[in-house]
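Beneath this line is the structure, given in structure tokens, with notes to follow.
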Amino acid sequence: MRTGIFKFPAKAKTRTATATGISLAAFNPNSPSLSYDSFLRSSIFPEKIQTAFHGVIRSSRAIYTIAYTVVDYKYSLHGLPVDSHEYLQKLSEVHSRSAKRIRNLCEANKGFYVKAGQFVAALPQVPKEYSSTLSSLQDQTAPCDFKAIKKVLISNLGQDLSGIFLSLDERPIAAASIAQVHRGTLKDQQEVAIKVQYPGLENQMKLDTSIMSFLSKCTEWFFPEYRFEWLVSEFVEAISFELDFIQEARNSERTAKNFKSNDMVRVPHIFWELTTRQVLTMEFCRGRKVDAVEFLKEMGINPIKVAKALVEVYAEMIFIHGFVHGDPHPGNILVSPEGRYGFSLVLLDHGIYKQLDEGFRLDYCELWKALILLDSKKIQQLGECFGVGKYARYFPLIFTGRTIDSKSPLGRGMSSDEKRNLKQELGSLQMEDISSFMESLPPEFLVILRTDGLLRSILRKLGASQRVRLLAYAKYALYGLSPRSNPQSDFPIKAVLSRLKTNISYLHLRLVLEVLELLSWMGKIRRLLYTLTERFVGGIRSILTLSLSN
């Protein structure tokens, strides 16, 4: 590996591209993009023509893929009763084919398509065939050539790089869909991580997101019950914020301030003099991905403790700060073996954040209190506040894995009877119902659902039970409902009493949950004893019957 301000030796590569080959690449989402990329980058084409031609090819791929997918759904399911077993089996098969098709499209088009695929994969509402297939896109990004990265650095920092960096590694330490990160050393020996945006992204974003919006409308025209405009709008808003590294730096500093009293959380320091809309220079922090279980075990760090710390950090963001990191995939959260408790969490990539409306934050805290206690009346009432009406009955299922009338203990899943009844109930739902539910949700809810989906995936990899997440959410929901103290005007005793009151409320909630679980356990024991007694009595009767007959 070479360091310093040097270029990698150019490799002589010769590729040929014919007009026919380019046309096939444009309309076949599975064909590699390397041949026409090399063709376009040849010196005979001006940059604007290259960009336009590249956009036409990417758009053609997207239109071809979505049109093919619409036809697949339309004809594969034609004539099948919606509530039939054959329909559900065919639907799963089409989901699987379509998910692979869209993954191939994202891999070929790269950039915002990869980001869109990651965005969809993290939503808990999408069919499992899509989430499992598209989740592989998290590790599919190839780095950009350093020549292009160097041009972005020089144009943004306004001077020769050798005047800023003592060394700069040309090989990236991380590559994502819109930027890559290089490790460097400043003149004062400070180690830094430099996040550099890929060139030409803003123009590319306008074209790509316009095509995505057009395709979602076309899909809705063929399938009126499949409405995805809400998803495209949410994605466009998120990606617009993510392209502005100055805003990301501000988000980073705000998060650092929110967690300044938390020894478990580290947020890299920002070097503002070396930060622009396209370049973000921050403190280099060592660590490994949060889901690197083998690394954690090697370092003597308990994965369950990491899971508990992680979910409490995000619960604090959601229920107390109301300022939520919307992209907590493993690459954005590192575990460092340094820290007061034997490790610390390093939060990276602060581009996607959502500021929760204060009224929404309080209602969401109330919702979680009701979800934990399964207060169905309160859940339905809050459903009206969130604008989802009758669909509020599915909040317990989405967040806790229980039905609204469940008798199962928290975090223990559903009984066989509950699963059977739920299957019948969900079988009556149409795609129209799901579309209506998603369109009705406030924008804050979509970010929270996506964040919660990503957290659940990480917790599963760390081996933590769902109960760890549920209890953390319950605790911080209660903290979020308690009056906020003002250090400048409140007496210390008032702040202490407020904290004590909240802790007592949480202990009371825990006691209620433990009693409910004990009663459930006693019910199981009672049913078991009843079954054993019946079998014993039946056995005695059989023996007596045989004796009398003899």
For the backbone of [Y] and the side chain of [X], can you confirm whether one donor and one acceptor N or O come within less than 3.5 Å of each other?
X: Tyr394; Y: Ile404; answer: no
X: Arg103; Y: Gly117; answer: no
X: Ser252; Y: Glu248; answer: no
X: Ser135; Y: Ser132; answer: yes

Under 3.5 Å, is there a donor on one side chain and an acceptor on the other for [X] and [Y]?
X: Arg254; Y: Gln355; result: yes
X: His329; Y: Gln118; result: no
X: Arg101; Y: Thr69; result: yes

Could you measure the distance from the [atom1] atom of [X] to the [atom2] atom of [Y]? Nearest 0.5 Å is fine.
X: Leu382; Y: Cys365; atom1: CG; atom2: SG; answer: 11.0 Å
X: Leu348; Y: Cys285; atom1: CG; atom2: SG; answer: 7.0 Å
X: Asn109; Y: Ser60; atom1: CG; atom2: OG; answer: 9.5 Å
X: Leu449; Y: Glu444; atom1: CG; atom2: CD; answer: 11.5 Å
X: Ile379; Y: Leu367; atom1: CD1; atom2: CG; answer: 6.5 Å
X: Leu88; Y: Lys90; atom1: CG; atom2: NZ; answer: 13.0 Å

Is there a side-chain contact between [X] and [Y] in this structure, where contact means two heavy atoms from C-beta onward sitting under 4.5 Å apart?
X: Arg361; Y: Ile318; answer: no
X: Val306; Y: Val290; answer: yes
X: Gln247; Y: Tyr353; answer: no
X: Lys354; Y: Pro443; answer: yes
X: Arg171; Y: Phe146; answer: no
X: Phe343; Y: Asn302; answer: no
X: Ile304; Y: Leu462; answer: no
X: Val196; Y: Ile194; answer: yes

Take atom CZ in Phe241; do more than 12 heavy atoms of anything else shown fall under 6.0 Å from it?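 No, not enclosed.
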
Please step through side chain to side chain contact (heavy atoms under 4.5 Å, CB included) for the pair Leu459 and Val468, ending with a clear verdict. CA-CA 9 Å; Leu459 296 181; Val468 169; 5.6 Å; no

Applying side chain to side chain contact (heavy atoms under 4.5 Å, CB included) to Leu345 and Leu334, what does each step give before you reach the verdict? CA-CA 6 Å; Leu345 298 173; Leu334 305 181; over 6 Å; no

Mind running side chain to side chain contact (heavy atoms under 4.5 Å, CB included) on Thr255 and His350 for me, showing each step along the way? CA-CA 9 Å; Thr255 301; His350 300 270; 4.1 Å; yes

Mind running salt bridge (Lys or Arg N to Asp or Glu O under 4.0 Å) on Asp244 and Arg277 for me, showing each step along the way? CA-CA 5 Å; Asp244 185 355; Arg277 278 181 61 88; 3.2 Å; yes

Which heavy-atom pair separates [X] from [Y] by the least distance, and what is that distance?
X: Ser336; Y: Val346; result: CB-CG2, 4.1 Å
X: Pro199; Y: Ala148; result: CG-CB, 4.1 Å
X: Leu91; Y: Tyr73; result: CD1-CE2, 4.0 Å
X: Leu201; Y: Tyr198; result: CG-O, 3.3 Å
X: Val293; Y: Lys461; result: CG2-O, 3.2 Å
X: Val114; Y: Cys106; result: CG2-O, 3.3 Å

Indicate the ring-plane relationship of Tyr130 and His95, choosing parallel, tilted or perpendicular according to the 30° and 60° boundaries.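 Rings of Tyr130 and His95: perpendicular, as their planes differ by over 60°.
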
Is the ring pair Tyr64/Tyr68 parallel, tilted or perpendicular, if the boundaries are 30 and 60 degrees?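 Tyr64 and Tyr68: tilted rings.
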
Which residue, Val447, Leu454, Ile448, forms the side-chain contact (heavy atoms from CB on, under 4.5 Å) with Thr451?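 Testing Thr451 for a side-chain contact (heavy atoms from CB on, under 4.5 Å) against Val447, Leu454, Ile448 leaves exactly one candidate, Val447.
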
Option passing side-chain contact (heavy atoms from CB on, under 4.5 Å) with Ile173 (candidates Arg183, Gln180, His182):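 Between Ile173 and the candidates, side-chain contact (heavy atoms from CB on, under 4.5 Å) is satisfied uniquely by Arg183.
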
After noting the C-alpha distance and the side-chain angles of Arg97 and Glu129, does the key distance pass the salt bridge (Lys or Arg N to Asp or Glu O under 4.0 Å) rule? CA-CA 9 Å; Arg97 288 197 301 269; Glu129 293 88 352; over 6 Å; no

Test applied, salt bridge (charged side-chain N to carboxylate O under 4.0 Å, His left out); reference residue, Glu312; option that passes from Lys305, Lys475, Arg469: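 By the salt bridge (charged side-chain N to carboxylate O under 4.0 Å, His left out) criterion, Glu312 pairs with just one of Lys305, Lys475, Arg469: Lys475.
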
Mind checking whether Tyr473 and Phe399 have ring centres under 6.0 Å apart?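 No.
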
Measure from the ring center of Phe445 to the ring center of Phe386 and say whether it is less than 6.0 Å.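 That pair passes the under 6.0 Å test.
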
May I ask you to say whether Lys115 pairs ionically with Asp327, meaning some side-chain N is under 4.0 Å from a carboxylate O?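 Counted as a salt bridge, because a side-chain N and a carboxylate O are separated by less than 4.0 Å.
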
Side chain to side chain contact (heavy atoms under 4.5 Å, CB included) assessment of Ile458 paired with Ile333: CA-CA 10 Å; Ile458 295 173; Ile333 307 163; 4.3 Å; yes

Test log, rule salt bridge (Lys or Arg N to Asp or Glu O under 4.0 Å), inputs Asp452 and Arg456: CA-CA 6 Å; Asp452 186 56; Arg456 287 199 215 188; 3.1 Å; yes

Checking ring-ring contact (aromatic ring centres under 6.0 Å, His included) between Phe319 and each of Tyr476, Tyr314, Tyr364, which is the one that passes?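 One option only clears the test, and that one is Tyr364.
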
